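Quick notes on the structure that follows.
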Amino acid sequence: MPELPEVETVRRGLEPVLVGQQIKHVQQRRADLRFPFPPDFVSRLKGRKVEALRRRAKYMLAELDDGAVLIMHLGMSGRFYIVAPNGQATAPDTRVYDSAHPEEIGEGKHDHVVFDLANGARVVYCDPRRFGLMTLSDRDSLEDHPLLAAMGVEPTGNALTPDYLNTAFRDKKTPIKAALLDQRIIAGLGNIYVCEALFYAGISPKRLAKSIPGKRSARLTEAIRTVIRRAIEAGGSSLRDYVQTDGELGYFQHEFAVYGREGEKCVAKGCSGMVKRIVQSGRSSFYCPKCQR
DNA sequence: AGGGGGACCTGTGCGC
DNA sequence: TGCGCACAGGTCCCCC
């Protein structure tokens with residue numbers, strides 16, 4: 001259930017397993033996820049070596065030794081499981097997997113893609129809802145790929161500045177909540193971290209985007225940067241534990257200030273407000289009406 | 001042209 | 001225990 005910090009956590013977990021390894025064998029266990037796999041998906045991956053594993057927004061990009069790029073997205077429910085070369089089982093769901101039988105990992109109902117690497121490691125992509133995707137592109141034309149071409153700035157990058165937001169939000173009559181979820185402006189923010197960033201910036205999710213410029217866009221820029229960086233750090237620390245214990249990648253516990261806390265007391269110092277849940281463009285927004293204006 | 005709402009899927013948790 | 005409903009961290013596409 002990944003937003004950008006989870007995707008980055010997954011990337012960091014997969015990087016040492018995948019990079020430098022040859023893909024010996026690939027099982028593609030159904031024809032499609034969110035949309036069909038490329039027709040020659042398995043044959044184009046087999047025998048390739050992974051040279052790098054990068055991330056753009058919520059996409060993971062595996063660069064292969066023939067110039068191809070494997071584009072992967074986790075959707076809402078995508079996970080990766082790893083079986084280490086020594087056979088150490090690393091699946092989280094004990095009802096489905098028995099760690100005494102790591103070879104069974106990849107046999108689950110929602111295990112759609114299985115990579116077997118030259119060093120004996122196995123990497124499994126599991127995605128119950130199948131909103132994720134895998135496809136292939138070329139390194140040279142990657143930026144023009146339809147999935148990536150229109151994407152906005154990274155939330156932790158230097159390109160995210162108050163000025164950038166001022167320009168992007170000028171004349172926008174949509175609520176700031178919706179504008180922040182627009183991947184063409186900032187790429188990689190999802191529902192949770194938009195709620196969290198707006199809380200730390202003290203901005204109501206209902207406020208119109210065009211009313212942000214000024215003090216608020218400075219606070220918002222800082223809040224986005226900080227909330228994402230902190231979540232990546234938290235993912236990084238939980239990742240260390242996970243990899244040693246069960247190896248599940250794609251999910252970590254995180255403390256949220258407002259998300260999922262409807263009816264609870266606002267955590268801001270000295271605020272007596274109560275977290276409220278409203279629905280905006282079909283999705284839940286959590287906020288404190290008292291300190292978010 | 002931009003933005004809201006539905007569509008795509010399965011699983012889970014809750015109230016009755 | 002079972003059923004039906006609401007809801008879930010994403011994104012695309014269509015229509016107004």
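Below, chain A is the first sequence line, B the second, and so on; all start at residue 1. The model shown is predicted, which means the values in this text are computed figures rather than measured ones.
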Quiz item: What orientation do A/Tyr193 and A/Phe256 show, parallel under 30°, tilted 30 to 60°, or perpendicular over 60°?
Solution: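 It falls in the perpendicular class, over 60°.
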Quiz prompt | Parallel, tilted or perpendicular: rings of A/Tyr259 and A/Phe286 (30°, 60°) | solution =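 If you compare the ring of A/Phe286 with that of A/Tyr259, the planes turn out perpendicular.
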Quiz item: Start at the 5' end of DNA chain C and walk down; is the nucleotide closest to A/His73 or to A/Ser284 reached first?
Solution: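 Comparing both residues, the 5'-ward one is A/Ser284.
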Rounded to the Å, how far apart are [X] [atom1] and [N] [atom2]?
X: A/Glu262; N: C/dA6; atom1: CD; atom2: C1'; value: 13 Å
X: A/Lys210; N: B/dG3; atom1: NZ; atom2: C1'; value: 15 Å
X: A/Glu3; N: C/dG10; atom1: CD; atom2: C1'; value: 9 Å

Pairing residues for [X] by the side chain to side chain donor-acceptor pair (under 3.5 Å) criterion, not counting sequence neighbours:
X: A/Thr156; value: none
X: A/Arg34; value: none
X: A/Arg229; value: none

Quiz item: Got a donor-acceptor contact below 3.5 angstrom from the A/Glu222 side chain to the A/Arg219 backbone?
Solution: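 Checked: no pair found.
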Self-check item: Nucleotide-resolved protein contact map, nucleotides 5-10 of chain B, B/S/- at heavy-atom distance under 4.0 Å
Solution: S--BBB
Quiz item: Where along residues 172-187 of chain A does a heavy atom come under 4.0 Å from DNA chain B, residue by residue in number order?
Solution: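 Under 4.0 Å from DNA chain B: A/Lys172, A/Thr174, A/Pro175.
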Practice problem: Let me know which of A/Pro289, A/Cys291, A/Ser272 forms a side chain to side chain contact (heavy atoms under 4.5 Å, CB included) with A/Cys266. | Solution: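 Among the candidates, only A/Cys291 passes.
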Exercise. Using Watson-Crick or G-U wobble pairs with both distances under 3.5 Å, give me DNA chain B in dot-bracket, 5' to 3', with [ ] for crossers and | for pairs to another strand.
Key: .|||||||.|||||||
Quiz item: Between C/dG9 and A/Arg283, is there an OP1 or OP2 to side-chain N/O distance shorter than 4.0 Å?
Solution: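 Answer yes for this pair, as a side-chain N or O of A/Arg283 is under 4.0 Å from OP1 or OP2.
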